[in-house]
Peer 1: 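There's a structure below that I have some questions on.
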Number of protein chains: 2
Amino acid sequence: MALTPAQQTVFDVLSDAEGPLSAAEVLAELKNHAKTPGIATVYRALNAGLDSGTYVAVTLPGDDTTRYEPADRGHHHHFACTQCERVIDVAGCPGRLSPLVPDGFTLTGHDLTLFGLCDVCA
Amino acid sequence: MALTPAQQTVFDVLSDAEGPLSAAEVLAELKNHAKTPGIATVYRALNAGLDSGTYVAVTLPGDDTTRYEPADRGHHHHFACTQCERVIDVAGCPGRLSPLVPDGFTLTGHDLTLFGLCDVCA
DNA sequence: GTCGTTGCAAAGCGTTTGCAGCCTA
DNA sequence: TAGGCTGCAAACGCTTTGCAACGAC
């Protein structure tokens, strides 16, 4: 599946990011590039990536905007800085979640977000 | 801080729920009551509760609507049924999260959502 | 009568979609 | 010329706000 120029640009930005970006952040990042696409084009590129399985959507607590990141990063979680609002990936996983699940429930997945101060803000 | 009638009704619904409810769910629940307030009144009651610290807002991954629950439930997490979309509280906490935090970052909180099938859907 | 609460409708904000213009082949 | 990509603007759903009417004291 060949990428359109706009899709390629968006893909580059997401690949270079150290965590999931919102559509607005992608657009802001693209402002640094030679050519800035319209917001509609950004959303179309992001949704095309979701459809093709290239990206996954990420929603963080307390943040009502959808974020996107490449789907090939494997299982990981996120750290959200409460000061600068930057979101970065963190490797690893607490594991041992089955004991938390009530009787009769089936656990198929989980999502963990850490909050605190990033290295810049700390 | 005396509650208005509408605030009291919303408070009753949230207190009886076994997990966080969205504004739409609160409104749907209120339809079973004698008097159904307008959606604006529901939002006003919810936000008044947030301001006074009576409620906390909860956002779940993959769900772009804000949910609300009483603030006095202590530290707990949530289980979201991927089939019926019901969300219920789960007690307990994996703990041991500090090892996941990158060097130079300060951990102040976390949020965990479990996904799977509830006892009804399993 | 005064003040706060409520309901309706309009406004906001993020996201999606329709449509026409553009570029490439 | 035909096709798809793009940008603009309108549409859309959830949430908030303005304003006037209502009810309690």
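Just so we're on the same page: letters track the sequence lines, and every chain starts at 1. In what follows, every heavy atom counts, from backbone to side chain, and hydrogens, waters and symmetry copies are set aside. Note that the coordinates shown come from a computational prediction; the quantities given were computed from them, not determined experimentally.
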Peer 1: Between the protein and nucleotides 11-13 of chain C, are there any N/O to N/O pairs under 3.5 Å, and if so, what are the atom names and distances?
Peer 2:
none

Peer 1: Of all residues at least two apart in sequence or in a different chain, which pass the salt bridge (Lys or Arg N to Asp or Glu O under 4.0 Å) check with E29(B)?
Peer 2: none

Peer 1: Sorted by first residue and then second, give each ring pair (Phe, Tyr, Trp, His ring centres under 6.0 Å) pair with at least one member in residues 83-106 of chain B; sequence neighbours left out.
Peer 2: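 The answer is F79(A)-F105(B).
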
Peer 1: If you measure from CG on L107(B) to CG on L114(A), what distance do you get to the nearest 0.5 Å?
Peer 2: 5.5 Å

Peer 1: In chain order, what residues pass the salt bridge (Lys or Arg N to Asp or Glu O under 4.0 Å) check against D64(B), with sequence neighbours excluded?
Peer 2: none

Peer 1: Dump every N/O contact between nucleotides 5-7 of chain D and the protein below 3.5 Å, one line per pair.
Peer 2:
from	atom 1	to	atom 2	distance (Å)
dT6(D)	OP1	A6(A)	N	2.9
dT6(D)	OP2	T4(A)	OG1	3.3
dG7(D)	OP1	K35(A)	NZ	3.1
dG7(D)	OP2	G38(A)	N	3.0
dG7(D)	OP2	T41(A)	OG1	2.6
dG7(D)	N7	R44(A)	NH2	2.9
dG7(D)	O6	R44(A)	NH1	3.4
dG7(D)	O6	R44(A)	NH2	3.0

Peer 1: Measure the distance from CG on N47(B) to P on dT6(C) and round it to the nearest whole Å.
Peer 2: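 The answer, rounded to whole Å, is 14 Å.
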
Peer 1: Considering every strand and a 4.0 Å limit on heavy-atom distances, what is the contact class for T66(B): base, sugar-phosphate, or nothing?
Peer 2: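 Sugar-phosphate, backbone atoms only, no base.
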
Peer 1: Tell me: CG of D64(B) to C1' of dC12(D), nearest whole Å?
Peer 2: 13 Å

Peer 1: Who pairs with E85(B) by side chain to side chain contact (heavy atoms under 4.5 Å, CB included), at least two apart in sequence or on another chain?
Peer 2: none

Peer 1: Taking only N/O atoms, report every protein-nucleotides 21-25 of chain C pair under 3.5 Å with atom names and distance.
Peer 2:
none

Peer 1: Would you please name every residue forming a side chain to side chain contact (heavy atoms under 4.5 Å, CB included) with A48(B), sequence neighbours left out?
Peer 2: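 Side chain to side chain contact (heavy atoms under 4.5 Å, CB included) check on A48(B) returns Q7(B).
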
Peer 1: What residues form a side-chain hydrogen bond (donor to acceptor under 3.5 Å, both in side chains) with Q8(A), not counting sequence neighbours?
Peer 2: D12(A)

Peer 1: Hydrophobic cluster mates of F115(A), side-chain heavy atoms under 4.5 angstrom, ILVMFWY only, any path?
Peer 2: none

Peer 1: Go through the structure and list residues passing side chain to side chain contact (heavy atoms under 4.5 Å, CB included) with T59(A), not counting sequence neighbours.
Peer 2: T59(B)

Peer 1: Which donor-acceptor pairs under 3.5 Å do side chains of residues 68-75 of chain A form with protein atoms, sequence neighbours excluded?
Peer 2:
from	atom 1	to	atom 2	distance (Å)
E69(A)	OE1	H76(A)	NE2	3.4
E69(A)	OE2	H76(A)	NE2	2.9
E69(A)	OE2	H78(A)	NE2	2.9
R73(A)	NH1	A17(A)	O	3.4
R73(A)	NH1	D89(A)	OD2	3.1
R73(A)	NH2	L14(A)	O	3.2
R73(A)	NH2	S15(A)	O	3.3
R73(A)	NH2	A17(A)	O	3.1
H75(A)	NE2	H77(A)	NE2	3.3
H75(A)	NE2	H110(A)	NE2	3.2

Peer 1: L27(B) CG to dG7(C) C1': how many Å, rounded?
Peer 2: 12 Å

